[in-house]
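Below is one structure, written out as structure tokens, with a few remarks after it.
Here is how names work: the chains are called A, B, and so on, in the same order as the sequence lines, proteins then strands, and each is numbered from 1.
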Protein chains: 2
Amino acid sequence: MSDVKGAAALRATIVFNLGTLGALASDRFADRVEELGLKPKHAGLLAALDAGSAASQQELATRLGVAPSLIVALADQLQELGAVERVRDPEDRRRQVLTLTAEGRRLLARCAEAAEAADAELTAGLTEPQRTALTRGLRTLGEQHVPR
Amino acid sequence: MSDVKGAAALRATIVFNLGTLGALASDRFADRVEELGLKPKHAGLLAALDAGSAASQQELATRLGVAPSLIVALADQLQELGAVERVRDPEDRRRQVLTLTAEGRRLLARCAEAAEAADAELTAGLTEPQRTALTRGLRTLGEQHVPR
DNA sequence: TATTGTTATACTCTATAACTATA
DNA sequence: TATAGTTATAGAGTATAACAATA
């Protein structure tokens with residue numbers, strides 16, 4: 001503690017390792033969903049729709065922590081794939097309500113499988129208790145910091 | 001297992017949570033090192049130099065998993081800050097050997113402090129055993145997948 | 001001819017800001 | 001006038017490819 005902090009101190013932090021491993025994990029996941037025509041953000045949007053059901057695009061932007069204009073682009077692409085439908089809210093015709101189609105649910109399921117396969121690859125070197133502990137720790141952090 | 005996988009299955013994976021939390025962690029860390037004139041990649045480069053001491057820019061590109069041209073840009077900026085020096089290798093004059101200056105070590109120490117502060121904030125809601133388990137899990141994964 | 005570092009260029013991602021329709 | 005969504009534009013970040021110097 002008394003000496004000057006160097007590389008070892010930085011590498012010991014959760015934040016530093018989360019950053020580097022997060023980039024790695026996203027790349028691995030992206031590789032696997034690419035053949036579905038999707039990127040990680042599309043999967044996040046599908047998951048948000050499945051979990052929270054109908055939501056306006058503005059609400060989704062807040063939940064995913066991105067600009068509303070990005071939701072438009074993601075939704076456009078998902079609509080082209082037949083994964084979501086845009087329905088005007090009759091009570092407020094400015095609003096577009098996004099809903100998952102059967103195809104959207106199918107794609108989400110395949111995203112989940114892709115993530116599970118990437119998990120298996122990434123954590124092949126961990127013992128089962130280590131994997132469980134890591135899963136729990138990340139879920140706890142996510143519940144506390146990622147809006148749902 | 002028999003029913004169709006949905007948002008819950010995706011959110012249960014390590015890869016998905018690593019991706020979202022990694023982006024969050026990088027943002028928090030970036031906020032803190034911004035006043036030093038640095039971004040997370042600069043910190044990664046400083047740490048690589050401190051840990052492996054002198055290395056050619058090509059080697060660093062491989063270690064950090066980025067294109068050699070990006071090392072040039074990062075090194076340019078660090079050199080302007082007085083954090084690194086470029087010295088021609090006399091044995092192979094094509095090579096530029098990057099070395100940390102005293103200022104570079106000072107900046108690295110401040111990066112480590114920034115990461116520790118971000119850690120404290122991010123993990124405030126975890127118990128001490130949870131934090132320890134998470135730290136260990138991430139370090140193990142990092143050692144297995146991040147080239148050093 | 002092969003390799004290191006550099007420069008030039010282009011592409012991807014995403015945010016900001018302007019615009020349209022509706023309230 | 002304010003708000004939801006959209007479109008247009010711009011910027012950051014990074015990779016690819018061409019280039020120069022050295023081997």
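Ranked by how close their nearest DNA chain C nucleotide is to the 5' end, A/Leu70 and A/Asp89 are led by A/Leu70. Take the nearest nucleotide of DNA chain C for A/Glu91 and for B/Val72: the residue whose nucleotide is more 5' is B/Val72.
Within 6.0 Å of the CD atom in B/Glu34, the count of heavy atoms belonging to other residues, nucleotides or ligands does not exceed 12. Other residues, nucleotides and ligands place more than 12 heavy atoms under 6.0 Å from the CD atom of A/Glu143.
Judged by distance alone, with hydrogens and angles left aside, B/Ser69 brings a side-chain donor or acceptor within reach of the base of D/dT16, the pair sitting under 3.5 Å. Not a single donor-acceptor contact under 3.5 angstrom links the side-chain atoms of B/Arg95 to the base of C/dT4.
We find that B/Asp76 and B/Arg86 are joined by a salt bridge, their nearest charged nitrogen and carboxylate oxygen being less than 4.0 Å apart. For the pair A/Glu116 and B/Lys5, the salt-bridge criterion is met [side-chain N within less than 4.0 Å of a carboxylate O].
The distance between atom CG of A/Asp76 and atom P of D/dT7, rounded to the nearest whole Å, is 7 Å. Rounded to whole Å, the distance from CZ on A/Arg88 to P on D/dG5 is 8 Å. The distance from atom CG of A/Asp27 to atom P of C/dC13 is 11 Å, rounded to the nearest whole Å. Rounded to whole Å, atom P of C/dA21 lies 12 Å from atom CZ of A/Arg93. Rounded to an integer number of Å, the gap from A/Lys39 NZ to C/dC11 P is 14 Å. Atom-to-atom, CG of A/Leu98 to C1' of D/dT6 comes out at 13 Å; the value is rounded to the nearest Å. When rounded to the nearest whole Å, the span between CG of A/Leu45 and P of D/dG5 equals 12 Å. Rounded to an integer number of Å, the gap from CG of A/Leu64 to P of C/dC13 is 16 Å.
Checking D/dT6, C/dT4, D/dG5 against every side-chain atom of B/Arg94, the shortest atom distance belongs to C/dT4. Counting only heavy atoms from C-beta on, A/Gln58 has its side chain closest to D/dA4 among C/dT14, C/dA15, D/dA4. Distances from the side chain of B/Gln57 to the nucleotides C/dA15, C/dT6, D/dA15 place C/dT6 closest.
Side-chain contact check for A/Thr62 and A/Glu59: no donor-acceptor pair (N or O, by modelled atom type) lies under 3.5 Å.
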